[in-house]
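Each remark here refers to the structure printed beneath this line.
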Amino acid sequence: MQNPDIARLFDEVADLLEIQSANPFRVRAYRTAARTVRDFPEPLSDVAQQGTRGLTELPGIGEDLAGKIRTIVKTGSLPLHRQLVRKVPSGVLDLLRIPGLGPKRVKLLLAKLKIRSAADLRRALAGGRVRTLKGFGPKLVAKIRAGLGQAERVERRLLLHEAEAYATALLKYLRQGGHGDIAGLAVAGSYRRRKETVGDLDVLVTGRDTQRVMRRFLTYPDIAEVVARGATRATVKLTGGVQVDLRAVAPAAYGAALLYFTGSKAHNIELRTLAQDRHLKLNEYGLFSGTRRVAGRTEEAVYARLRLDWIPPELREARGEIALAQAHRLPSLVTLAAVRGDLQMHTLASDGRATLPEMADAARALGYDYIAITDHSRRVTMAHGLDPARLRDQWQEIDAWNAAHRGLTVLKSVEVDILEGGALDLPDELLAEADYVVASLHYGLDRPERVITRQLVTAARHRWVDAIGHPTGRLLGTRPPCRCDFEAVARAAAEAGCLLELNGHPDRMDLPDTLAAAAKTYGVRFALATDSHQPAHLSFMRYAVDLARRAGLEAGDIVNTLPLAQWRAALKRGKRTWNPTRLPRLRALQTTA
DNA sequence: GCCGTTTTCGGCCCGACTGTTTTCAGTCG
């Protein structure tokens, strides 16, 4: 049982309890636990084997849920879940995903019309029986009917990169027609927190005449459907299916609204609880003492009045950032401007679409000091991977380029494939001559955990491997992270002085932020890279930085914020000998934000 | 079900919008 499986069981228990009108706080406890489990960077099965102690240290996991996690890990199922499913048919859970249907209405449908699945619901709608229920008017019935049709299409979250395209175009449109009406305009939500995927866009506007901005928004040419419109909020669906909410707020409330709509939800709840402790009330209109607004114009003012440092949106995930802000110990997050080079990219020699000089010129235009050309090795036949002879040819070309140019250094590098058992796809004596070697897995990513773990650990310890590329192998929306003991990999990497890559390619965003945060606690250092396959891809560095910031990383955690000579001397290959030092075991993630 | 300068009980975030009502419940974020 992997963490996502445990999380799913808890989420289903929450749904089932809710339909049965259980204590809402008990329901919330299961949802909180599901989220904690899903975010935890190590397999909980390992923690569970050592008893309940380690489990109860996790936020939202008490004695009872710790016991349930142990039961799930041991037996693969949960008695409470089976018991609930017996009372409520599992098809009913699908009904909760239909817009307009929540636990109360689903419960009513089940009780009055014996509707236990989407198919039942469809028949009941056709027979006009749903309309007869109290509270089910014509509009709601139409909404449910539409929702049923859509439920069959799998709703995919947008990649951050895709969301950015929608957001940029919309903001430009709104600003152009703003006529000075707009004093503040921002996309909040998970987009502002720079999550790797984004559900919908939450746009916030303030200024003199927000009603006019609201009207202009509703004439945006890309709108397919206006879902709702009110005085302060409008919801639309764009032709691509993306939902956009626009909310208009008064300037005096703009900071509070930005804070509120940026979330995360869990972060907001912690903030409001903190406000309550101080006899204050926090909502999207401001921070209030009684009826008097004591802060709200800016986020900074709200945080300050709660005696907190301003928390960067990327950290607002209720993973301990509020405690750090109280103690003035928030990390000074790395910025894009601090990045001096890009440590993974491809050229025409393998599966890239530009020549080496074209990539180098693009990197110079970005002001980089250095780049690593990391074409694939021969194993990746699909990408026309390099054998030793072709790699040497490329390195000659790089020597010539470096001799002819100033300002940018091109590193002789390669993305060497990790083979079965952790062996590498190119001979050691060749890798020893490289300036920088990235080792990556491309095949057999669905193999058992111990096999993958051994491959990555062995590669991380290899004398000539400087970094592990896209360590989990995930492809967002397509392929889950490989099953692997990342604690063992991170420990091996830290001990051996091997870097872990933060790959900013929008389809990858790999390492995931929670794993990167955990790896940092072992003393792992990181390499930021874009995995570019053409010059335009070099701009993906901003997503690598997003990942790093969400993981709470500072410039000092990342080698390519340093001048070349400085970090290369610190690599394994820069030392005649290196002393692996044992590092402390990972505790919970809370303090790493 | 969790949690604790309110500590083993009694709290647990808050408001907008919609549809269906005629004063509000349910859903959503």
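Labels below follow one simple rule: chain letters A, B, ... track the order of the sequence lines, proteins then strands, and each chain is numbered from 1. No hydrogens, no waters, no symmetry mates; every other heavy atom, side chains included, goes into these values.
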Tell me the interatomic distance from A:L133, atom CG, to B:dG19, atom P, rounded to whole angstroms. 18 Å
Give one of base, sugar-phosphate or nothing for A:P24, where a contact means two heavy atoms less than 4.0 Å apart. nothing
Using a cut-off of less than 4.0 Å, is there contact between a side-chain N or O of A:Y285 and OP1 or OP2 of B:dC14? no
CZ (A:R305) with more than 12 external heavy atoms under 6.0 Å: no
Could you measure between the two P atoms, the one in B:dG15 and the one in B:dT20, and give it in whole Å? 26 Å
Go ahead and name the base partner of B:dT8; Watson-Crick or wobble counts if both distances stay under 3.5 Å, otherwise write none. none
Roughly, in whole Å, what's the span from CG in A:L140 to P in B:dA25? 16 Å
Looking only at atom P, what distance separates B:dC9 and B:dC14, rounded to whole Å? 26 Å
Are the side chain of A:S264 and the backbone N or O of A:R316 linked by a donor-acceptor pair below 3.5 Å? yes
Please check the phosphate of B:dG15 (OP1 and OP2 only) for any side-chain N or O of A:K281 closer than 4.0 Å. yes
Roughly how far apart, to the nearest Å, are B:dT23 and B:dC17 at atom P? 23 Å
CG of A:L282 versus P of B:dC12: gap in Å, rounded? 16 Å
May I ask you to evaluate whether A:T232 reaches the phosphate of B:dC17, defined as a side-chain N or O under 4.0 Å from OP1 or OP2? yes
Rounded to the nearest 0.5 Å, the CG atom of A:L110 sits from the CD1 atom of A:I115 at a distance of 8.5 Å
Nearest to side-chain heavy atoms of A:Y30, which nucleotide of B:dT20, B:dG29, B:dG1: B:dG1
From B:dG29, B:dC12, B:dG15, pick the nucleotide closest to the side chain of A:N23? B:dC12
For the side chain of A:L65, starting at C-beta, report the closest nucleotide among B:dC2, B:dG15, B:dT20. B:dC2
If I take atom CZ in residue A:R31 and atom P in nucleotide B:dG1, what distance separates them, rounded to the nearest angstrom? 15 Å
Look at the side chain of A:K104 and decide which nucleotide, out of B:dA16, B:dG1, B:dG26, has an atom nearest to it. B:dG26
Which nucleotide in B:dG1, B:dC14, B:dT20 has an atom nearest any side-chain atom of A:P138: B:dT20
Looking only at the side chain of A:A228 (C-beta and beyond, no hydrogens), which of the listed nucleotides B:dT6, B:dT18, B:dG29 gets closest? B:dT18
Starting at CG of A:L101 and ending at P of B:dG29, how long is that distance when rounded to a whole Å? 13 Å
Measure the distance from CZ on A:R247 to C1' on B:dC17 and round it to the nearest whole Å. 10 Å
Assert: residue with more 5' nearest nucleotide on DNA chain B, out of A:E284 and A:D202, is A:E284
Protein-nucleotide distance (A:F25, atom CZ; B:dC12, atom C1'), rounded to Å: 5 Å
Between A:K143 and B:dT27, does any side-chain N or O lie under 4.0 Å from OP1 or OP2? no
Just checking A:K68: base, sugar-phosphate only, or nothing, at a heavy-atom cut-off of under 4.0 Å? sugar-phosphate
By nearest nucleotide on DNA chain B, pick out whichever of A:F261 and A:I61 is the more 5' one. A:I61
Give, for atom CZ of A:F261 and atom CZ of A:R192, the distance between the pair rounded to the nearest 0.5 Å. 13.0 Å
In whole Å, measure the gap between the C1' atoms of B:dC12 and B:dA16 for me. 22 Å
To the nearest Å, how far apart are A:K134 NZ and B:dC24 C1'? 10 Å
What I want to check is whether an N or O donor and acceptor connect the side chain of A:Y260 with the base of B:dG15 at under 3.5 Å. no
Take atom P in B:dT6 and the same atom in B:dC2, then report the distance between them in whole Å. 22 Å
Ring centroids only, cut at 6.0 angstrom: are A:Y543 and A:H161 within range, meaning strictly under it? yes
Applying a 4.0 Å non-hydrogen cut-off, can you work out what A:G189 is touching in the nucleic acid: base, sugar-phosphate, or nothing? nothing
I want to check something: taking the side chain as every heavy atom from C-beta on, are A:Y30 and A:D15 in contact at a cut-off of under 4.5 Å? no
Neighbour count >12 (heavy atoms, 6.0 Å) for atom CZ, A:R278: yes
B:dC12, B:dG29, B:dT27: which one has an atom nearest the side-chain heavy atoms of A:R105? B:dT27
Is the base of B:dG29 touched by the side chain of A:D200 through a donor-acceptor pair closer than 3.5 angstrom? no
